[in-house]
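Okay, so here's the structure we're looking at.
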Amino acid sequence: MPPVPPPAVSTAPVAPVVAAARPRPFRLRATPYTSASSSPSPSTSAVSSPPPPPSRHSRKQLVGRDAAPAAKPAKHRVFFLDVNPLCFRGSQRSLGAFARWLALFFSHVSLRNPVVAVLDGEGGNEYRRRLLPSYKAHRPRGPGTGADSRVVDVLRECNVPVVRVDGYEADDVVATLTEQALQKGFRVVIASPDKDFKQLISEDVQLAMPIPEIGRWSFYTLRHYVAQYKCDPTADLSLRCFIGDEGDGVPGIQHLVPGFGRKTAVKLLKKHGSLENLLNTAAVRTVGKDYAQDALVKHADYLRKNYQVLSLKRDVNVQLDDRWLSTRDSCNDSSVLSDFILKFDKGQKINSR
């Protein structure tokens, strides 16, 4: 059955229905992300022992204890789910892959925290393709290339609001909503395999990434980023302007200046902070070795164009509804996803005959 384009914008979760008996849950689980090269191993908590019996304290000790400042309450979390990448297994569309990743996400990652699903809008790539024709040029375009309408239905039935803004990619909508959530005092988790979101990582923004090789979601935090790249994520966007993004069709500077690699870029950005500061400084004085200096002066416009293409917009015309930030009603999850997977598997068997 050919995919049907999702609705233009959907914002309100549907009312819950009575859930059927829960099936046996998946055995896969989410684990902290670890880089293959340099990410630190996650810490493990020891089994807690019974508390010691209460001891007597002097009145002076008790007064001092009462006067101690209370710990700040932990911030609530909101999850933004980047839907489109989950609808594919490799380069092939797969509703089964979507259902299984979503089941793992609900049961092991987001739990009952609020979730907002975001889809690519119609024509969302056009702005960047006008700047750089090679941007995602290898990917299909037009109606039918986004998330299937059945995907939207499943998300609604699981009480997840769905947002889609025509003229913008999901990445830009997520970046805009992330800024709004931070202003409301929330911590943000962006659920996506897309490395573009690494430019948003901070103490209050982390990623949850599906890892097909192990069949799990893994959290990726500020600590993991610094261990992997040896720099702060505030420089991530500037760094990617130099190294490019092969998956999105954004060439780096290496094909113009082969000796200008990641190591050189990181060293210069650590000293100058951002691409724009680096280029402005290189225009008036020497900032590095001859080959690097010549590249920065000669290819400044090229690097600035990469910055425009790779930078996520944070001014999309969309508002984070306070109703989306409430605890998610998860009572439908098991029945909805079980029925969806059952229908998908049955359809697969019929089509294979």
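- L111 and W101 fall into different hydrophobic clusters, where Ile, Leu, Val, Met, Phe, Trp and Tyr residues are linked whenever their side-chain heavy atoms come under 4.5 Å apart, directly or through other members.
- Between F88 and G90, the shortest heavy-atom distance links the atoms CB-O, 3.7 Å.
- A search for side chain to side chain donor-acceptor pair (under 3.5 Å) contacts involving S311 returns nothing, not counting sequence neighbours.
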Discussion item. With salt bridge (charged side-chain N to carboxylate O under 4.0 Å, His left out) as the criterion, how do E122 and R164 come out once you've worked through the C-alpha distance, each side chain's angles and the decisive distance to 0.1 Å?
Written reply: CA-CA 9 Å; E122 195 69 38; R164 180 176 182 267; 3.3 Å; yes
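- Residue S192 forms a side-chain hydrogen bond (donor to acceptor under 3.5 Å, both in side chains) with just one option from D82, N84, D171, and that option is D82.
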Name the atoms and distances for all side-chain donor-acceptor pairs under 3.5 Å in residues 234-245, with sequence neighbours left out.
{"unit_1": "T234", "atom_1": "OG1", "unit_2": "D232", "atom_2": "OD1", "d": "2.7"}
{"unit_1": "D236", "atom_1": "OD1", "unit_2": "Y225", "atom_2": "OH", "d": "2.7"}
{"unit_1": "D236", "atom_1": "OD2", "unit_2": "Q199", "atom_2": "N", "d": "3.4"}
{"unit_1": "S238", "atom_1": "OG", "unit_2": "L275", "atom_2": "N", "d": "3.0"}
{"unit_1": "R240", "atom_1": "NH1", "unit_2": "D196", "atom_2": "OD1", "d": "3.3"}
{"unit_1": "R240", "atom_1": "NH2", "unit_2": "D196", "atom_2": "OD1", "d": "2.5"}
{"unit_1": "R240", "atom_1": "NH2", "unit_2": "D245", "atom_2": "OD2", "d": "2.6"}
{"unit_1": "D245", "atom_1": "OD1", "unit_2": "K195", "atom_2": "NZ", "d": "3.4"}
{"unit_1": "D245", "atom_1": "OD1", "unit_2": "G247", "atom_2": "N", "d": "3.2"}
{"unit_1": "D245", "atom_1": "OD1", "unit_2": "D248", "atom_2": "N", "d": "3.2"}

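- Residues N317 and V165 fail the side-chain proximity criterion, which asks for heavy atoms closer than 4.5 Å.
- Remark: L303 CG to L279 CG distance equals 6.0 Å, nearest 0.5 Å.
- Taking CZ from F106 and SG from C158, the interatomic distance works out to 4.5 Å, rounded to the nearest 0.5 Å.
- Contact check for R130 versus V309: no side-chain heavy atoms found under the 4.5 Å cut-off.
- With values rounded to the nearest 0.5 angstrom, D120 atom CG is found 14.0 Å from Y168 atom OH.
- By the 6.0 Å and 45° rule, K198 stacks over the aromatic ring of Y220.
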Discussion item. Checking L102 against V154 for the side chain to side chain contact (heavy atoms under 4.5 Å, CB included) test, could you report, in this order, the C-alpha distance in whole Å, the side-chain angles of both residues, the deciding distance, and whether it holds?
Written reply: CA-CA 10 Å; L102 188 64; V154 166; 3.9 Å; yes
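- Of all heavy-atom pairs spanning L325 and P114, the tightest one is O-CG, 3.6 Å.
- Across all non-hydrogen atoms, the minimal contact from V318 to Q180 is O-NE2, 2.9 Å.
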Worksheet entry | side chain to side chain contact (heavy atoms under 4.5 Å, CB included) evaluation trace for V115 with F80 | CA-CA 6 Å; V115 178; F80 293 118; over 6 Å; no
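- Every residue two or more places apart in sequence or in another chain was checked for a side chain to side chain donor-acceptor pair (under 3.5 Å) with D294, and none qualifies.
- With sequence neighbours excluded, the residues satisfying side chain to side chain donor-acceptor pair (under 3.5 Å) with S94 are R89.
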Discussion item. For a side-chain hydrogen bond (donor to acceptor under 3.5 Å, both in side chains) check, start with the C-alpha distance between Y307 and E276, then their side-chain angles and the critical distance, and finish with the verdict.
Written reply: CA-CA 9 Å; Y307 191 94; E276 192 60 30; over 6 Å; no
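- Residues satisfying the side chain to side chain donor-acceptor pair (under 3.5 Å) test with D339, not counting sequence neighbours, are none.
- Listed by chain and residue number, D204, V205 satisfy the side-chain contact (heavy atoms from CB on, under 4.5 Å) test with S202 (two or more places apart in sequence, or in another chain).
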Practice prompt. Apply side chain to side chain contact (heavy atoms under 4.5 Å, CB included) to R77 and F79, showing your working.
Written response: CA-CA 7 Å; R77 293 192 302 179; F79 287 77; 3.8 Å; yes
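- Between L132 and G249 the shortest heavy-atom distance is CD2-O, 3.9 Å.
- In this structure, W217 and F105 have tilted ring planes: the angle between them lies in the 30° to 60° band.
- Between H76 and N113, the closest side-chain pair of non-hydrogen atoms is not below 4.5 Å.
- Annotation: the span from L131 atom CG to R304 atom CZ amounts to 14.5 Å, rounded to 0.5 Å.
- By the 4.5 Å heavy-atom criterion applied to side chains, V109 and F219 are counted as neighbours.
- Residues V297 and L256 do not share a hydrophobic cluster, clusters being chains of Ile/Leu/Val/Met/Phe/Trp/Tyr side chains in contact below 4.5 Å.
- The salt bridge (charged side-chain N to carboxylate O under 4.0 Å, His left out) search around R128 returns E169, D172, not counting sequence neighbours.
- Counting heavy atoms from C-beta on, the side chains of L86 and P210 come closer than 4.5 Å.
- With sequence neighbours excluded, no residue satisfies salt bridge (charged side-chain N to carboxylate O under 4.0 Å, His left out) with K313.
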Discussion item. For I190 and L81: C-alpha separation, side-chain torsions, deciding distance, then whether side chain to side chain contact (heavy atoms under 4.5 Å, CB included) applies.
Written reply: CA-CA 6 Å; I190 300 170; L81 181 65; over 6 Å; no
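- Side-chain contact between V116 and V160 is absent, with no heavy atoms from C-beta onward closer than 4.5 Å.
- How far CG of L200 is from CG of L207: 8.0 Å, rounded to the nearest 0.5 Å.
- Contacts of D315 classified as salt bridge (charged side-chain N to carboxylate O under 4.0 Å, His left out), with partners at least two apart in sequence or in another chain: none.
- Counting only residues at least two apart or in different chains, salt bridge (charged side-chain N to carboxylate O under 4.0 Å, His left out) contacts with residues 103-114 are absent.
- Here the closest non-hydrogen pair linking Y135 and R129 is O-NE, 3.1 Å.
- F98 is listed as a side-chain neighbour of V83, based on a closest heavy-atom distance under 4.5 Å.
- For the salt bridge (charged side-chain N to carboxylate O under 4.0 Å, His left out) test, no residue two or more places apart in sequence or in another chain qualifies with D153.
- Looking at L222 and P233, their side chains come closer than 4.5 Å, going by heavy atoms from C-beta outward.
- For C87 against V151, the heavy-atom pair with the smallest separation is SG-CG2, 4.0 Å.
- Separating the CD atom in Q206 from the CZ atom in R187 is a distance of 5.5 Å, to the nearest 0.5 Å.
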Check: residues 260-273 side-chain donor-acceptor pairs under 3.5 Å, at least two apart:
{"unit_1": "T264", "atom_1": "OG1", "unit_2": "Y291", "atom_2": "OH", "d": "2.9"}
{"unit_1": "K270", "atom_1": "NZ", "unit_2": "K230", "atom_2": "O", "d": "3.0"}

